[in-house]
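Take a look at the structure below.
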Number of protein chains: 2
Amino acid sequence: MTISTSPRPGRVLDPAKRAAILEGARAVFMREGFAQGSMDAVAAEAGVGKQTIYRHFRSKEALVEALVEAMCAPEVVRPPTKSLPAAQRIRELLLAFVADVTTPDSVRLYRAIVAEAERMPGLGRLFWQAGPRQVRVAIAQLWAEEHDAGTAPVIAEQLVQLALGDAYQELVLGTGLPRPEVFERQIDAALALWE
Amino acid sequence: MTISTSPRPGRVLDPAKRAAILEGARAVFMREGFAQGSMDAVAAEAGVGKQTIYRHFRSKEALVEALVEAMCAPEVVRPPTKSLPAAQRIRELLLAFVADVTTPDSVRLYRAIVAEAERMPGLGRLFWQAGPRQVRVAIAQLWAEEHDAGTAPVIAEQLVQLALGDAYQELVLGTGLPRPEVFERQIDAALALWE
DNA sequence: GATCCTTTACGAGACTGATTAGTCTCGCTA
DNA sequence: TAGCGAGACTAATCAGTCTCGTAAAGGATC
């Protein structure tokens, strides 16, 4: 995390403050959950006055939405442009996706979104569009390159499901911490089904 | 791993009251969530004085634990004993499991457990053992009857994952309400992979 | 540049109003 | 003599507002 040496806050709201607030929100909400984490805690964590938060964000809900958006944003799928065979690129894509999504923070984010899914369905949609949806689209494209474009979407769904598998369920439910090799094995087993 | 919830063992507390409280808690917490649902609401829903709840349960957390335990318990998988071919019985098992697990109450229970997975991992383990784990075991047994017993556990995992598929993710994330046919389609598509 | 002046973001924290877990009291009943 | 229903009561939490004093940016004039 780089620290801007000489921020020059002008007339407008300091973007550095916004970033600090989001970082504080990430720390607090990932530690205590969206519902339990308080705005006072976010302000303290960010080293910021509470009013400053409300100058940058309309409400707690708006802050949560912005945080989810920010945490989902980096999750952009960069399709490997290498001239590898499509099957190989699909494998790499799945590996990268699983590695990203099994990060402790990613798991906590997923848990927090699932917890609030009923009250804030927008969060779920945001998360779905930003992360899981994109991988499915990318894999479907790769699949369509070498096979039938008609079946590609369904097979992409199935591949992602199998790549995550029970290991991800255990991670989400907090019943175990699967080793990375497990996911690699799941991915290879999934790909083998279409060979 | 029974969770002790009775503050004063030995007292004569009406078991019917305990059941009524749990039923009220189920109604309230499944309607409003564990965090939002209040003890006053549970008391009103159960037709019970608030103090009676605290005579039976040490705290709100204890009540939640007891409720989760109670809701997980009945989720027993009854393997179809009919003399149908194994493939047919696997299909029925998957259909029954999916139908059970996509119930609004089941989804809310799952959400609540995921939300508290970090703070109360025991609940996650309880849920996993009571529901998802059992289906996998049952399907693996059926698969082993007609195919290789060595690959059965892995294939059972994969079948369950594919049966739930993206539709279950959307349900959990609150982004949509998939029609039952979707799950049937996913199950048939999954089974077709091994035909 | 240098000196003033106005405006605005900011940290700190007091404050409000609403909610709620948990306790206490009382009168009823089996 | 219990458990019980009803509900008042306490204490804590928390979203959101308001008010301070401060620092600094942008502009104006010299």
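The basis for the numbers below is simple: all heavy atoms, side chains too, and nothing from hydrogens, waters or symmetry mates. Each chain gets a letter, A, B and so on, in the order its sequence line appears, and its residues count up from 1. If you're wondering where the values come from, they're calculated on a predicted model, not measured in any experiment.
- Using five terminal pairs a side, the axes of the helix from C/dG1-D/dC30 to C/dA30-D/dT1 at its two ends make an angle of 10°, given in steps of 10 degrees.
- By the 4.0 Å N-to-carboxylate-O rule, A/E45 lies close enough to A/R31 to be salt-bridged with it.
- With respect to B/R185 and B/D188, no salt bridge is recorded, no charged nitrogen being found less than 4.0 Å from a carboxylate O.
- Taking the side chain of A/K17 as heavy atoms from C-beta on, and the options C/dG22, C/dC10, D/dC14, the nearest nucleotide is C/dC10.
- Remark: B/K50 is not in phosphate contact with D/dC4, judged by side-chain N or O atoms under 4.0 Å from OP1 or OP2.
- Comparing atom distances between the B/M39 side chain and each of D/dC18, C/dA21, D/dA6 picks out C/dA21 as nearest.
- D/dA6 atom P lies 12 Å from atom CD1 of B/I53, rounded to whole Å.
- Considering only side-chain N and O atoms, B/H56 lies under 4.0 angstrom from the phosphate OP1 or OP2 of D/dC4.
- Taken residue by residue, residues 22-33 of chain B places no heavy atom nearer than 4.0 Å to DNA chain D.
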Exercise. Would you sort out whether B/R136 and B/Q158 count as a side-chain contact (heavy atoms from CB on, under 4.5 Å), showing the intermediate values?
Key: CA-CA 9 Å; B/R136 282 154 177 83; B/Q158 292 174 321; over 6 Å; no
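- Residues A/Q186 and A/L162 fail the side-chain proximity criterion, which asks for heavy atoms closer than 4.5 Å.
- Side-chain contact check for A/Y168 versus A/V98: every heavy-atom pair is 4.5 Å or farther apart.
- Closest to the side chain of A/Q51, from the set C/dA21, D/dC18, D/dC14, is D/dC18.
- The side chain of B/R55 approaches D/dG5 more closely than any other nucleotide in the set C/dC10, C/dG22, D/dG5.
- For A/K60, the side-chain atoms get nearest to D/dA15 when compared with the rest of D/dA15, D/dG5, C/dG11.
- As rounded to whole Å, 16 Å separates atom P of C/dA21 from atom CZ of B/R58.
- Inter-residue side-chain proximity for B/S106 and B/D100 is flagged as met; some heavy-atom pair is nearer than 4.5 Å.
- Straight-line distance from the CD atom of A/Q36 to the P atom of D/dC14: 6 Å, rounded to whole Å.
- Note on ring orientation: taking the six-membered ring where Trp is involved, the planes of A/F34 and A/F29 are perpendicular (angle over 60°, cut-offs 30° and 60°).
- Looking at heavy atoms from C-beta onward, B/M120 lies out of side-chain contact with B/I113 at the 4.5 angstrom threshold.
- Note on ring orientation: taking the six-membered ring where Trp is involved, the planes of A/F127 and A/Y110 are tilted (angle from 30° to 60°).
- Across all strands shown, A/E61 has no heavy atoms under 4.0 Å from either base or sugar-phosphate atoms.
- Scanning both residues, B/W128 and A/L173, for their nearest heavy atoms gives CE3-CD1, 3.6 Å.
- What separates CZ of B/R18 from P of D/dC4 is a distance of 13 Å, to the nearest Å.
- Taking every side-chain heavy atom of A/T52 into account, C/dC10 is the closest of C/dC10, D/dC14, D/dT17.
- Residue B/L63 contributes atom CG, which lies 10 Å from atom P of C/dG22 at whole-angstrom precision.
- In the set C/dA21, D/dA15, C/dA9, the nucleotide with an atom closest to the side chain of B/Y54 is C/dA21.
- In this structure, CG of B/D40 is placed 12 Å from C1' of D/dC9, rounded to the nearest angstrom.
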